[in-house]
Novice: 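Have a look at this one.
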Amino acid sequence: MGRYDKGDILHMIQDEDIQFVRMQFTDLFGQLKNVAITASQIRRALDGEIMLDGSSIQGSVRVEESDQYLRPDLDTFTVLPWRPQYGKVARLICDVYNPDGSPFSGDPRNILKRVLARAENMGYTFHVGPELEFFLFQTDENGNPTTQTSDEAGYFDLGPLDHGESTRREVALALEQMGIEVEASHHETAAGQHEIDLKYTPALTAADNIMTFKLAVKTLAQKNGLHATFMPKPIAGTAGSGMHINMSLFREGKNLFYDENEPGKLSLLARQFIAGLLAHARGFCALSNPLVNSYKRLVPGYEAPCYLSWSASNRSALVRIPDPRGRGTRVELRSPDPACNPYLVFAACLAAGLEGIEGGLTPPPEIGENLYTLSAEKLAAWGVERLPASLESAVEAMEADGTVMEAMGPYGTQYLAGKRREWEEYRTQVSQWELERYLVTY
């Protein structure tokens with residue numbers, strides 16, 4: 001049973017003097033969209049009568065089948081705290097439906113729901129806790145973003161070195177006002193880089209929270225004269241931004257990844273889930289690392305994982321099992337970056353983990369050594385594979401992965417087509433590096 005019904009929403013809109021409601025949804029490539037309505041239209045909205053032209057949304061339907069409807073998830077209703085207190089603005093996160101009343105199969109929220117239903121049928125509830133990194137940069141005299149920062153801070157530093165501390169604090173407080181619990185926030189390794197960690201929740205809520213988080217960060221940074229970016233690698237030669245995701249399966253309130261009688265107190269189910277993740281990590285890399293730029297982060301030496309491996313403590317591994325054990329036992333996947341569409345990544349990870357469980361897969365031996373310092377010969381001898389080194393390779397790996405493509409449904413091919421266009425556009429550009437390297441010499 002949900003927190004709110006239609007009557008609750010109508011009363012809150014009246015009591016809070018809410019004038020506008022943003023009907024939000026996410027497109028296939030992870031961009032947050034919305035249809036804004038006045039409060040006078042809220043009854044139509046609650047009845048799922050707000051339409052949109054799906055053919056105008058990237059990765060959506062064709063022109064001849066463009067009519068779609070937004071059905072709000074009532075439990076996502078919240079006031080946007082950064083908007084004016086007079087004439088308040090609220091939001092509802094929506095699912096996209098077809099005119100015949102069926103869920104639109106290309107809606108990322110519906111894609112995740114399909115895989116969650118499969119897990120539920122197996123008796124599992126999937127929980128996710130994300131750790132999101134981002135950069136805060138200065139803007140120029142015209143308000144355009146730069147890659148400059150007056151920030152001089154490093155890992156875990158605080159003000160006055162950390163010039164983004166006040167913005168980070170505003171974001172955390174705004175999220176708390178919206179009912180999103182923030183576990184921690186701190187300055188990250190690079191100048192101008194920050195991290196905010198959200199408390200684990202059921203996966204659909206976690207994905208919704210990530211999309212809200214991105215909106216809050218960008219909005220509040222802009223208010224403070226800064227530009228926030230979730231671009232994975234905005235500056236060469238320094239750390240990129242990741243989005244580690246901590247995953248666990250529960251049944252009737254019990255964490256199924258914990259078993260005090262197993263080695264490392266890690267259950268057989270957890271090991272099978274890890275085996276599934278490793279078996280399909282290459283296949284879902286185009287989802288977890290969706291940009292050309294993503295693969296400039298996935299290089300040795302900057303704490304981003306490159307190799308298909310797991311460990312209880314080794315931060316160079318793709319999959320890590322952080323402390324503590326018990327209810328907090330979780331599997332941390334370290335490759336995703338914050339440019340990803342969280343609904344699709346969670347769907348692919350869960351599908352991979354469930355396949356590991358259903359197939360009784362066994363993960364490879366744990367690797368405790370720093371993978372960045374191991375030779376190619378040693379890695380090959382241990383049978384350790386790499387993640388794809390480019391978006392092109394990741395797209396090919398995804399297309400060949402039946403489990404990931406099945407989780408994506410019919411719009412997996414639309415996603416691949418979009419990413420192929422992105423790669424081709426990048427591939428045919430002439431970069432400044434090429435001009436500096438070749439123009440005079442040749």
Novice: Counting only N and O atoms by type, is there a donor-acceptor contact under 3.5 Å from the side chain of Arg282 to the main-chain atoms of Arg386?
Specialist: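 It does hold such a pair.
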Novice: For the side chain of Arg330 and the backbone of Gly328, is there at least one donor-acceptor N/O pair under 3.5 Å apart?
Specialist: yes
Novice: Closer than 3.5 angstrom, by distance alone: can the side chain of Asp27 be matched with the main-chain N or O of Phe29 as a donor-acceptor pair?
Specialist: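 The answer is yes, because a donor-acceptor pair under 3.5 Å joins these two groups.
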Novice: Can you confirm whether Glu176 is buried at CD, in the sense that more than 12 heavy atoms of other residues, nucleotides or ligands lie under 6.0 Å from that atom?
Specialist: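 Result for CD/Glu176: enclosed.
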Novice: Hey, does the side chain of Arg109 reach the backbone of Asp95 with a donor-acceptor pair shorter than 3.5 angstrom?
Specialist: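 Absent.
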Novice: Does Arg420 have any salt bridge (charged side-chain N to carboxylate O under 4.0 Å, His left out) partners at least two apart in sequence or in another chain, and if so, which?
Specialist: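 Once residues adjacent in sequence are excluded, the partners of Arg420 under the salt bridge (charged side-chain N to carboxylate O under 4.0 Å, His left out) criterion are Glu399.
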Novice: When you compare the side chains of Glu355 and Thr403, does any donor N or O come within less than 3.5 Å of an acceptor on the partner?
Specialist: yes
Novice: Working to the nearest 0.5 Å, report the span between NZ of Lys419 and CG of Leu287.
Specialist: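 Between Lys419 NZ and Leu287 CG, I get 9.5 Å after rounding to 0.5 Å.
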Novice: Please say which of Phe273, Tyr200, Phe126 ends up in a ring-ring contact (aromatic ring centres under 6.0 Å, His included) with Phe257.
Specialist: Phe273
Novice: Could you work out, with salt bridge (charged side-chain N to carboxylate O under 4.0 Å, His left out) as the rule, every residue matching Lys218, not counting sequence neighbours?
Specialist: none
Novice: Checking Asp140 side chain against Pro145 main chain: does a donor-acceptor pair fall under 3.5 Å?
Specialist: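 No; zero donor-acceptor contacts below 3.5 Å.
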Novice: Given Phe104, which of Tyr69, Phe25, Tyr411 fulfils the ring-ring contact (aromatic ring centres under 6.0 Å, His included) condition?
Specialist: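 Result for ring-ring contact (aromatic ring centres under 6.0 Å, His included) with Phe104: Tyr411.
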Novice: Check whether any side-chain N or O of Asn246 sits under 3.5 Å from a backbone N or O of Val128 as a donor-acceptor pair, and report yes or no.
Specialist: no
Novice: Between Asp8 (side chain) and Asp5 (backbone), is there a donor-acceptor pair under 3.5 Å?
Specialist: yes
Novice: Quick one: do the Asp107 and Tyr97 side chains pair a donor with an acceptor below 3.5 Å?
Specialist: no
Novice: Parallel under 30°, tilted from 30 to 60°, perpendicular over 60°: which one fits the rings of His127 and Phe250?
Specialist: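 Rings of His127 and Phe250: parallel, under 30°.
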Novice: Between Asn293 (side chain only) and Lys233 (backbone N and O only), is there a donor and an acceptor less than 3.5 Å apart?
Specialist: yes
Novice: Does the side chain of Asn224 come under 3.5 Å of the side chain of Thr167 through a donor N or O and an acceptor N or O?
Specialist: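 Checked: Asn224/Thr167 side chains pair up, N/O donor to acceptor below 3.5 Å.
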Novice: Salt bridge or not between Arg168 and Glu170? Use side-chain N to carboxylate O under 4.0 Å.
Specialist: no
Novice: Would you say that more than 12 heavy atoms from the other residues, nucleotides or ligands in this model lie under 6.0 Å from the OH of Tyr426, or not?
Specialist: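 Incorrect, the count does not exceed 12.
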Novice: Just to verify, what does Ser431 make a side chain to side chain contact (heavy atoms under 4.5 Å, CB included) with, not counting sequence neighbours?
Specialist: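 Scan of Ser431 (side chain to side chain contact (heavy atoms under 4.5 Å, CB included), adjacent residues dropped) gives Trp433, Glu434.
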Novice: Any donor-acceptor pair under 3.5 Å linking the side-chain atoms of Arg91 with those of Thr212?
Specialist: yes
Novice: Do Thr146 side-chain atoms and Gln138 backbone N/O form a donor-acceptor pair below 3.5 Å?
Specialist: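 Between the backbone of Gln138 and the side chain of Thr146 there is a qualifying donor-acceptor contact (under 3.5 Å).
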